[in-house]
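Labels below follow one simple rule: chain letters A, B, ... track the order of the sequence lines, proteins then strands, and each chain is numbered from 1. Note that these values count all heavy atoms, side chains included, but never hydrogens, waters or copies made by symmetry.
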2 protein chains.
Amino acid sequence: MSKLGSNAVRASGEDRTQTKAELTRGRILEAAAKVFRTRGFVGSRLTDIAAEAGLQAGSLYYHFASREALVEAVMWAGQLRTEAQVRRCLGALGPAATPMQRLHTAVEAHLLAVLSSTDANSASIKMIGQVPSDIRERLLVGQRAYGDLWRGLLTDAQDAGDIRDDVNLSIVRMAIIGALNWSVEWYHADKGHPEKIAADMAAVMIDGLRPRRPAC
Amino acid sequence: MSKLGSNAVRASGEDRTQTKAELTRGRILEAAAKVFRTRGFVGSRLTDIAAEAGLQAGSLYYHFASREALVEAVMWAGQLRTEAQVRRCLGALGPAATPMQRLHTAVEAHLLAVLSSTDANSASIKMIGQVPSDIRERLLVGQRAYGDLWRGLLTDAQDAGDIRDDVNLSIVRMAIIGALNWSVEWYHADKGHPEKIAADMAAVMIDGLRPRRPAC
DNA sequence: GTCTATACGAGGATAGAC
DNA sequence: GTCTATCCTCGTATAGAC
């Protein structure tokens, strides 16, 4: 965890002059994300990852202490990026947006991050159930702020009267996140453009299944 | 796949006189399901499974050709059981039930099967993204009839005017199944009774988030 | 920093006794 | 049918040269 730092975070931010080591480290992270996302944690050998990054397996150990340290770094990068992307989209909405519009935006942004951002985004979701429990614990702690964000979106919408108040918001939250995250199991390119899927899914979740009753 | 037969299916049906081999095979399947569900495909050693079943690792090979054959058998059992449970609940509804009632029942039954039936049910969901691709292919083919069931439930509801017709039913289907299946990643006993969770989730999905507009 | 070579352990799979 | 013993492969990790 100590070596998490620089690359994972800076990747999406300002990139000043990076040392050669930092650059290579970044390349390894992207390579690992790609391999992990497609082969899962099980099927991913260090050899595959090294090859993808253009070096030898042994060389990885200059940058990461172990295979596990590498997965953890990839997953941190992934979940931080998803969270950042959602916050960015919400920020772009401006203060005039209604709670339901904000919720709609968050749904769309999260799904889009998972479907079409970097491999790390989807890898972090796909592997959360496969990774050793100590790693998973730490990642879940890191997700708390993100969970709070969603809790806030939902309670705001409920306070505004846009969500009926006989539903359990925790359940709603898990249902929404679940529907979105499960996309890593079924989505592939020929299902259509991620933007279309994201828009459809957001519409379904926010507006529900029932026909609007005609205004009386 | 050829050895799939008897136990996996009969488990939920009539159990006549079984040979000793059949009984042991069944015990191994349940043990494997338990280990796989908790440790994932990665972390599950044949030694663990054998121990759980009360025998030695080598003895497993009398009943299963390989570790992979074992996972596949577990997963077939799991997904067949879930499907059977949902069909059973739908069957119990009787012909008077509305399409939306049927949909509601299916949601509840699927989630309940995943949360509180045998370990194989949840294991089959949890591992679908971890298993070698040839196995996954076969399992997905086996899921087609189940997918068709859901497609039918949704189109029936739409034809009856209970689902607005500007939504993409494939997306709705994936969203619902996703929300339900993702529960294997977050549910544990102290989140409350599975029955309660299932009821809440079904209510949210069927009735939506918006308050009912007062009858005019 | 990255390479090559190798030590090492783990776990899947097989053989043969009982 | 199940056990014990063993083989063998594979992949992580380390050591040391460049």
Sugar-phosphate only, base, or nothing, as touched by A:Ser44 at under 4.0 Å among non-hydrogen atoms: sugar-phosphate

Residue pairs fulfilling salt bridge (Lys or Arg N to Asp or Glu O under 4.0 Å) with at least one residue in residues 123-133 of chain B, sequence neighbours excluded: none

Cation-pi geometry met for A:Arg67 and A:Phe41 (6.0 Å, 45°): yes

Residue pairs, two or more places apart or on separate chains, that pass salt bridge (Lys or Arg N to Asp or Glu O under 4.0 Å) and touch residues 50-60 of chain A: A:Lys34-A:Glu52

Atom pair CZ/OG of B:Arg151 and B:Ser170 - distance to nearest 0.5 Å: 6.5 Å

Pairs where residues 106-119 of chain B contributes a residue and the test salt bridge (Lys or Arg N to Asp or Glu O under 4.0 Å) is met, not counting sequence neighbours: B:Arg37-B:Asp119

Stepwise side chain to side chain contact (heavy atoms under 4.5 Å, CB included) check, B:Ser183 with B:Leu115: CA-CA 8 Å; B:Ser183 67; B:Leu115 294 186; 3.5 Å; yes

Separation of atom CD1 in B:Ile49 from atom C1' in C:dA13, rounded to whole Å: 14 Å

Qualifying salt bridge (Lys or Arg N to Asp or Glu O under 4.0 Å) pairs with a residue from residues 171-193 of chain A, counting only residues at least two apart or across chains: none

Interface limits on DNA chain D, where chain B has a heavy atom under 4.0 Å of a nucleotide atom: D:dG1 to D:dT4

For atom CD of B:Glu68 and atom P of C:dG12, their distance in whole Å: 11 Å

Length of the CG-C1' vector between B:Leu46 and C:dG12, whole Å: 6 Å

Side-chain heavy-atom pair A:Ile125, A:Asn121 within 4.5 angstrom cut-off: no

Shorter than 3.5 Å, N or O on both sides, protein versus nucleotides 4-10 of chain C: list them out with atom names.
none

Value in whole Å for how far the C1' atom of C:dT14 lies from CZ of B:Arg67: 17 Å

